[in-house]
Amino acid sequence: MKYWLMKSEPEAFSIDDLQARPGQTEPWDGVRNYQARNFMRDDMRIGDQVFFYHSNCEVPGIVGIMEVAGKSYPDPTAFDPQSKYFDPKSSPDQPRWFLVEVKYIRHTRRTIPLAELKEHDPLENMPLVRKGNRLSIMPVTKEQWDDILRLE
DNA sequence: GCCAACGTTGGC
DNA sequence: GCCAACGTTGGC
């Protein structure tokens, strides 16, 4: 089993929004970055554990845990001209963007702020805490996962 | 294939 | 709201 971290702006989609879908999976759509796409398309497996991270908000940080609940498939929002994620270069025949389904597991007991993660030396190699990092989906090692949960 | 211009992300 | 960092686009 692998571990991951996925970012979302809470104004667009928050951990509370995910929780509000009990027993349902949620498609993690709208990712338009090749590296992040490749993680979803090629490396994520059902059952992988994922930190939910709130970005671009008052207190950016880890707010919960979810689980990969469905294998990857082409992101349908890329085909929809009405969608803000529409990409005319992606077609059902030759899809460019992919997503996975996720499901809610739990909130963390508190928001674990980015500022705190940055001060925690064992996490210094995480892309998340490195300057200028914009990757919205990244792998997390088992050691990092356990470390972060100890900060909870 | 280079690289300047532009757009986006996301912390602060 | 600002702006640094970075990815993408397109002219040449």
Side-chain angles (χ1 to χ4, degrees), chain A residues 2-21 26-44 48-68 72-141 143-152:
Chain A
K2 295 199 183 79
Y3 300 90
W4 304 93
L5 179 145
M6 295 166 99
K7 297 180 185 175
S8 179
E9 299 189 14
E11 279 194 21
F13 187 76
S14 72
I15 184 77
D16 293 336
D17 295 328
L18 182 63
Q19 184 184 26
R21 290 158 168 73
E26 181 70 19
W28 200 265
D29 57 20
V31 171
R32 297 293 179 268
N33 168 282
Y34 288 104
Q35 209 179 342
R37 176 205 67 181
N38 292 347
F39 287 138
M40 287 200 287
R41 188 188 60 185
D42 305 332
D43 300 326
M44 285 188 168
D48 285 358
Q49 301 292 112
V50 185
F51 282 130
F52 196 128
Y53 177 91
H54 279 176
S55 67
N56 210 2
C57 56
E58 199 176 341
V59 183
I62 290 169
V63 294
I65 295 171
M66 52 190 173
E67 185 175 305
V68 178
S72 66
Y73 60 91
D75 183 343
T77 63
F79 311 142
D80 176 6
Q82 307 308 319
S83 170
K84 66 173 175 170
Y85 301 124
F86 177 61
D87 181 354
K89 290 173 181 162
S90 186
S91 69
D93 281 349
Q94 293 226 298
R96 174 172 298 203
W97 304 114
F98 287 73
L99 56 75
V100 295
E101 301 268 344
V102 295
K103 71 177 180 191
Y104 176 83
I105 299 295
R106 66 177 178 89
H107 282 61
T108 45
R109 286 195 285 278
R110 64 184 183 103
T111 297
I112 306 170
L114 176 64
E116 208 173 308
L117 298 171
K118 281 182 170 176
E119 286 170 4
H120 194 57
D121 289 342
L123 300 176
E124 66 182 355
N125 291 325
M126 278 191 87
L128 183 71
V129 302
R130 290 213 305 266
K131 192 177 181 184
N133 169 66
R134 290 167 27 181
L135 192 57
S136 65
I137 298 178
M138 69 188 72
V140 174
T141 68
E143 290 71 26
Q144 291 163 347
W145 181 272
D146 293 341
D147 260 329
I148 291 168
L149 283 182
R150 268 187 298 249
L151 296 175
E152 197 182 357

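No experiment lies behind these values; they were computed from the predicted model shown. Just so we're on the same page: letters track the sequence lines, and every chain starts at 1.
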Check whether the ring centres of A:Trp97 and A:Tyr34 lie less than 6.0 Å apart, and answer yes or no.
yes
Rounded to whole angstroms, how far apart are CD on A:Glu11 and P on B:dT9?
14 Å
Specify the separation, in whole Å, of atom CD1 of A:Ile62 and atom C1' of B:dG10.
16 Å
Below 4.0 angstrom from OP1 or OP2 of C:dT8, is there any side-chain N or O of A:Lys89?
no
Do any side-chain nitrogens or oxygens of A:Lys84 fall under 4.0 Å of OP1 or OP2 in B:dT8?
no
Pair A:Arg106 + A:Glu152, salt bridge at N-O below 4.0 Å
yes
Let's see if you can work this out: which of C:dT9, B:dG7, C:dT8 has an atom nearest to the side-chain heavy atoms of A:Arg134?
B:dG7
d(CD, A:Glu9; C1', B:dG11) in whole Å:
12 Å
Strictly below 4.0 Å: does A:Tyr34 bring a side-chain N or O up to OP1 or OP2 of C:dC6?
no
Whole Å only: how far is the NE2 atom of A:His54 from the C1' atom of B:dT9?
17 Å
Whole Å only: how far is the CG atom of A:Asn133 from the P atom of C:dC6?
8 Å
For the ring pair (Phe, Tyr, Trp, His ring centres under 6.0 Å) test, which of A:Phe52, A:Phe39, A:Phe98 pairs with A:Trp28?
A:Phe52
With a 4.0 Å cutoff (strictly under), does any side-chain N or O of A:Lys131 reach OP1 or OP2 of C:dA5?
yes
NZ/NE/NH1/NH2 to OD/OE distance under 4.0 Å, A:Arg37 and A:Asp75:
no
Just so I know, are the side chains of A:Tyr53 and A:Ser136 near enough to count as touching, which here means a heavy-atom distance under 4.5 Å?
no
Rounded to the nearest Å, what distance is computed from the NZ atom of residue A:Lys7 to the C1' atom of nucleotide C:dC6?
12 Å
Rounded to whole Å, the CG-P distance (A:Asn56 to C:dA5) equals 17 Å
To the nearest angstrom, how far is A:Gln35 atom CD from B:dT8 atom P?
20 Å
Checking contacts here: which listed nucleotide (C:dA5, C:dT9, B:dG11) is nearest the side-chain heavy atoms of A:Pro60?
B:dG11
